Amino acid sequence: MQFLGIAVVMNDKCNAHCAHCFGDYGPRKSRLLPSEAIRSLIDQAKDIRAVGREFAVAGGEVFLYWDRLLDVVGYAAANGFAPSITTNGSWATSPRRTERLISALKSSGLVKLEISVDQFHQAFVPIVRIKTLLRAAKESGIPTIMLRCHSTKSMRLDAALTGLDVTDLAGTVIVCAPVVAMGRASTQLPPESFYADMDAPSGACAEGLILTVNVAGDVFPCCAGSELCPPLNLGNLLVSPLSEILRATDDNFLLRALVNAGPSAFLPVIQEMGVGQRLPGRYTNICDLCHRLFSDAQLTAVVSQFAARRRREIADRLGLEAEHATGV
Amino acid sequence: MFSAVVLVTSLQCNEWCGFCDFGLDERSGFSMSGKEGAEYLRAAHDLSPNSVARRVEILGGEPFLYYKDLRDIVRCASQLGFRTEVVTNGFWATTEESTRRQVGDLLDVGLDELTLTVDTYHLRHVSVANIQRAITEIRRRGREVNIIYRVARADALDTELIRLPAVNSGITAITVVPWVPLGHRGPDIDQRFVCRPLGNSSPGCKNLFRFVVLPGGDVAPCVVGGFRGLHRVGNLNETPAAEILTRIQTDPLLTYLYDQGPNQLTSFLASRDGTDELQVNASTCHLCYKVFSDGRLSSAVRDGLNSAAVGVAER
């Protein structure tokens, strides 16, 4: 299994408390992934070919732990990774302060700055701070500046970008993504507000995987919702070496079927086993469907049984013992 | 070294956008046949994947004007193992049925990504409903859609576009790119275009370098260089791809641009030549164009590189 790189959730504390947050981060959280664990992760990953060079640092709000953030970015860059960070920009209170912090990150090797800009975040962060941050980031020469916008039917991209003009936006990449009904969003937003137009979303994620480490050190195959699905937990970095965690994915037929065939490949068996009514029938995207399959113990059990049966069938055809059929 | 092969399959465009960097319209230039495109792809495929990534970006002009050739080229690219992207203005997505058919055909022969060029100028020629249809169909088939949105100072992001359910309901990357005033000069440029001081810090042109092949087989290391004839390094009908690649890799100017980018040329030329027209630019490509479309400045840079005055010696 190949990963584009690594994403670490450095902290779960955030100075905003957005209704759509799938991680349920907020001001009352206080957990931190130890710096030593992140450094150890970098040390281990730099020599593993299955892990690409992207290194995303996310939270919570990562600027709440400035010294730690600067250290992680610098250490990742020094070890050959391409560091990126995600921030809500709340700390960009003056041009001078913003230029100083951004310049320090650029000097440490930051190659991508992702800024959360949408109506959920702007309930907590004045848009003028985003303008200040964009100006400083462009002047610093950070190669990629990305605005991340989450949308629902009532919280759209056009409203999120009000207050930013083309001078602010030129030279940026705006990534608009629909809010998926998971985490806090599933309890705080009305069901009808989600875009859910696909009956069997096609596509798979084998080429878009990023090894994600949450604030507790648990490792997951992506940062788009797998962290909320215990069956997709690959292991814990504070307990096992990364190489061991990755080696186990080779033998994880269920995971490999999921990422290569896509979650819609499991829909026929869900229907066949008579548990189709546990699914809503309409989905936002493959991440939505994946999350629904693997956050429901009964559906996970059905899918796992199917995967185990398929694996035995393939092993039989190849004349192998199923438990020895690593890589099948 | 190159992040993709770029095939410019047609210099012809069905639109005429006022700020078009390349001045293309329905009368301009000529096109690449499916057979020629396949030959160029095979030539590029012979190069090491460490030199040229297995990715093809198909540009115009408007590639969909010659749909059959486009389909043949996408099929060939896919068979050779390239990840394939087509950049289009979406004029062809006039009905759901035609969109489904044309997108379906391309996906069936191996297309991976579709990029739509959408902005104030293109939307004078193409309905926003076309964009909705194209995005919806691509996404229904589980593939990626990107939007390139070009801006001048008087523009805004088109509200109708960014309200589209298709834009809001899937993962849509809108790359906001300032129009590059190629061929425009004069004191009011920074009033009309989104220009700013670039500063000396630059990541270099690493991310911009492509193996760009134009109709007729000319090769350049970047899109602006290809269209504007600044850095053409050979022709695939006359010279093997490997030799062209070697020319690029050993050219002092191109290796300098690859590593450093053109930003430091501003201060170099100001000190050496006294020129002060280079300070404010829409992008590094704009600066590069200003320097290398001017014989005097271009010679000064080449002389400087030969005498290591712009810092190439220490590399």
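Naming convention: chains lettered A, B, ... in sequence-line order (proteins, then strands); numbering from 1 in each chain. All values reported here derive from a predicted model rather than from experimental measurement.
The shortest non-hydrogen separation linking B:Val167 to A:Cys176 is O-SG, 3.8 Å. Counting all heavy atoms, side chain and backbone alike, A:Asp158 lies closest to B:Arg163 at OD2-NE, 2.7 Å. Taking both residues in full, the closest heavy atoms of B:Val194 and A:Ala170 are given as CG1-CB, 3.8 Å, listed atom of the first, atom of the second, then distance. Of all heavy-atom pairs between A:Glu207 and B:Arg83, the closest is OE1-NH1, 3.0 Å.
Each of B:Gly142, B:Pro178, B:Ala156, B:Gly170 has some count of heavy-atom pairs under 4.5 Å with chain A, and the biggest count is that of B:Gly170. For the set B:Ala154, B:Cys195, B:Ser169, the count of heavy-atom pairs under 4.5 angstrom toward chain A peaks at B:Ser169. Between chain B and the options A:Ala159, A:Pro178, A:Gly203, the largest number of non-hydrogen pairs under 4.5 Å is found for A:Pro178. Counting heavy-atom pairs closer than 4.5 Å to chain B, the top-ranked of the candidates A:Val173, A:Ile174, A:Ile286, A:Val175 is A:Ile174. Most heavy-atom pairs under 4.5 Å with chain A, from the set B:Thr172, B:Ile174, B:Asn168: that is B:Asn168.
Contact annotation for B:Arg141: only backbone heavy atoms (N, CA, C, O) come within less than 4.5 Å of a heavy atom of chain A. With a 4.5 angstrom heavy-atom cutoff, A:Asp197 touches chain B only via side-chain atoms. For A:Ile142, no part lies near chain B; criterion is any non-hydrogen pair under 4.5 Å. The contact between A:Lys138 and chain B is made by backbone and side chain atoms together, counting heavy-atom distances below 4.5 Å. For B:Arg143, no part lies under 4.5 angstrom from a heavy atom of chain A.
A distance of 11.0 Å separates OG of A:Ser151 from CD1 of B:Ile162, quoted to the nearest 0.5 Å. To the nearest 0.5 Å, atoms CG (A:Leu157) and OG1 (B:Thr159) are separated by 10.0 Å. Residue B:Arg139 holds its CZ atom at 8.0 Å from CE of A:Met198, rounded to the nearest 0.5 Å.
Within the 4.5 Å cutoff, no side-chain heavy atoms of A:Val166 are placed close to those of B:Val176.
At most 12 non-hydrogen atoms from other residues, nucleotides or ligands lie less than 6.0 angstrom from CD1 of B:Ile171. When the shell of 6.0 Å around CG of B:Asn207 is examined, it contains 12 or fewer heavy atoms from other residues, nucleotides or ligands. For A:Gln2, the CD atom counts as densely surrounded, since its 6.0 Å shell holds more than 12 non-hydrogen atoms of other residues, nucleotides or ligands. Remark: B:Glu97 CD is loosely packed, at most 12 non-hydrogen atoms of other residues, nucleotides or ligands lying under 6.0 Å away.
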